[in-house]
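Just so we're clear, the structure is a prediction, and the values are computed from it rather than from any experiment.
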Amino acid sequence: VLQARLPEGRARVLLTDAGHDALFDRVFVPVLHRYGPFGARADLANQVVAWELMNEPDWVVEEWERDLSRHVARPLPFETLARLVGRFSDAVHEHTRALVTLGGGRARNLWAWDDDQLGLDVLQVHQYPDVQRPDRDDDLFGVPAEALAVSRAVILGEFPGNGPGQHPEGAAPPPITLGEYLEFSLGAGYAGAWPWSFSGTDGYGRLPVAPLQEFARAHPNLVNPRFQP
């Protein structure tokens with residue numbers, strides 16, 4: 001994950017052409033090649049569905065004052081970030097057979113990642129609606145994918161896996177269960193739904209097992225054939 005909160009010297013990596021060249025030549029391309037079909041770990045090439053340059057870039061875009069994080073000391077102009085994304089997409093397509101995506105942090109900004117010059121194959125949008133802050137972002141639950149007016153398939157890249165039962169202090173997610181999110185995303189034409197989080201990373205906790213099992217039994221064609229109910 002790229003971050004924009006960097007000392008002056010490191011910030012030049014993200015803000016200059018020379019920095020971009022070094023980043024791709026020394027980091028991105030070697031990693032992509034290693035896990036591509038002709039690299040040292042070609043055995044894993046088919047295990048990587050997609051690569052993404054950055055998670056939730058909305059917080060670092062200089063022009064997006066509504067979303068820009070106060071923790072970001074040196075925001076990135078959107079044009080600079082777009083060039084990075086486009087170049088990364090080209091590198092993924094050249095060195096791997098995987099897709100390219102980007103974990104968008106706000107639904108209202110989804111349109112920006114749909115530009116052809118960015119080269120993304122599939123879009124992501126993260127959803128953490130809060131009934132106490134309804135204006136923070138667009139709540140997509142109940143909104144079909146085709147209504148988002150983008151040309152690429154859309155994945156619900158993050159959403160509360162057990163919002164009604166477990167969430168961080170101060171958050172107030174709507175009473176939508178994991179099972180309801182999964183069934184909605186499938187019926188509404190989304191390309192996937194990835195609940196947060198399998199590892200219990202933060203206050204949203206681990207996923208409840210029962211809704212996953214119920215979904216798998218209802219849609220056996222969508223799950224790993226080794227799944228045991």
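- Using a 4.0 Å cut-off between charged nitrogen and carboxylate oxygen, D58 and R106 do not count as a salt-bridge pair.
- Using modelled atom types, one side-chain atom of E180 and one backbone atom of T177 make a donor-acceptor pair closer than 3.5 Å.
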Start with the C-alpha distance between W59 and L68, add both sets of side-chain angles, then the distance that settles side-chain contact (heavy atoms from CB on, under 4.5 Å), and finish with yes or no. CA-CA 4 Å; W59 319 144; L68 181 62; over 6 Å; no
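- The backbone N or O of A172 lies less than 3.5 Å from a partner atom in the side chain of D130, making a donor-acceptor pair.
- Between R152 and the choices D116, T101, L118, the side chain to side chain contact (heavy atoms under 4.5 Å, CB included) rule is met once, by D116.
- Summarising the geometry, atom CG belonging to L148 is positioned 9.0 Å from atom CG belonging to L123; distances are rounded to the nearest 0.5 Å.
- In this structure, G104 and P57 approach most closely via the heavy-atom pair CA-CD, 4.5 Å.
- With respect to R41 and D43, a salt bridge is recorded, a charged nitrogen being found less than 4.0 Å from a carboxylate O.
- Residues Q127 and D137 are in side-chain contact: their nearest non-hydrogen atoms beyond the backbone lie under 4.5 Å apart.
- Taking CZ of R83 as the reference point, atom CG of D17 lies at 5.0 Å (rounded to 0.5 Å).
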Checking side-chain contact (heavy atoms from CB on, under 4.5 Å) for the pair L99/V92: CA distance, chi angles, key distance, verdict? CA-CA 7 Å; L99 303 175; V92 171; over 6 Å; no
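- Ring planes of Y190 and F184: tilted class, angle from 30 to 60°.
- Cluster annotation: W196 is not connected to F159 through the hydrophobic network of ILVMFWY side chains, with a link wherever side-chain heavy atoms come within less than 4.5 Å.
- Residues P75 and V60 are not in side-chain contact: their nearest non-hydrogen atoms beyond the backbone lie 4.5 Å or more apart.
- In this structure, L178 and N162 have side chains that are not in contact, with every pair of non-hydrogen atoms separated by 4.5 Å or more.
- Under the 3.5 Å distance criterion, the side-chain polar atoms of D114 are matched with a main-chain donor or acceptor of S151.
- Looking at every heavy atom in both residues, I155 comes nearest to A191 through CG1-CB, 3.9 Å.
- If you take CG on D21 and OG1 on T16, they are separated by 8.0 Å, rounding to the nearest 0.5 Å.
- Residues V125 and V154 are in side-chain contact: their nearest non-hydrogen atoms beyond the backbone lie under 4.5 Å apart.
- Hydrophobic clustering (ILVMFWY, side-chain heavy atoms < 4.5 Å, transitive): W51 and L81 are in one cluster.
- E52 and Q124 form a side-chain donor-acceptor contact under 3.5 Å, judged by distance and modelled atom types alone.
- Panel note: side chain R97, backbone A45; no donor-acceptor pair is recorded below 3.5 Å.
- The heavy-atom pair separating T201 from S199 by the smallest distance is OG1-OG, 2.7 Å.
- For R206 (side chain) and F198 (main-chain N/O), a donor-acceptor pair under 3.5 Å exists by modelled atom type.
- The side-chain heavy atoms of H20 and T80, taken from C-beta on, include a pair separated by under 4.5 Å.
- Contact check for H126 versus N55: side-chain heavy atoms found under the 4.5 Å cut-off.
- Scanning all heavy atoms of the two residues, the minimum distance from A145 to G189 falls at CB-O, 3.5 Å.
- The shortest side-chain heavy-atom distance between D121 and H93 falls under the 4.5 Å cut-off.
- Between P174 and P129 the shortest heavy-atom distance is CD-O, 3.4 Å.
- For the residue pair H219 / E183, a side-chain donor-acceptor distance below 3.5 Å is found, with atom types taken as modelled.
- Between the CG atom of L120 and the OG atom of S89 there is a distance of 4.5 Å, given to the nearest 0.5 Å.
- Cluster annotation: L212 and W194 are assigned to distinct hydrophobic clusters (Ile/Leu/Val/Met/Phe/Trp/Tyr, side-chain heavy-atom contacts under 4.5 Å, transitive).
- Cluster annotation: V27 and L15 are assigned to the same hydrophobic cluster (Ile/Leu/Val/Met/Phe/Trp/Tyr, side-chain heavy-atom contacts under 4.5 Å, transitive).
- Closest approach of P77 and E62 over heavy atoms only: CG-OE1, 3.6 Å.
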Q.
For a side-chain contact (heavy atoms from CB on, under 4.5 Å) check, start with the C-alpha distance between L222 and L186, then their side-chain angles and the critical distance, and finish with the verdict.
A. CA-CA 10 Å; L222 297 179; L186 180 61; 3.8 Å; yes
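- One hydrophobic cluster holds both V31 and L44 under the rule that ILVMFWY side chains link at heavy-atom gaps under 4.5 Å.
- Stacking of R87 on the aromatic ring of F24 is recorded, both the 6.0 Å distance cut-off and the 45° axial limit being met.
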Would you sort out whether D138 and R108 count as a salt bridge (Lys or Arg N to Asp or Glu O under 4.0 Å), showing the intermediate values?
-> CA-CA 6 Å; D138 300 331; R108 62 170 172 265; 6.0 Å; no
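- The side-chain heavy atoms of P168 and Y204, taken from C-beta on, include a pair separated by under 4.5 Å.
- Panel note: side chain R136, backbone Y128; a donor-acceptor pair is recorded below 3.5 Å.
- Going from atom CG of L207 over to atom CD of Q166 covers 10.0 Å, rounded to the nearest 0.5 Å.
- Classified by interplanar angle (parallel below 30°, tilted 30° to 60°, perpendicular above 60°), the ring pair W113/F78 is tilted.
- The CG atom of L53 sits 6.5 Å away from atom CG of L102, with the distance rounded to the nearest 0.5 Å.
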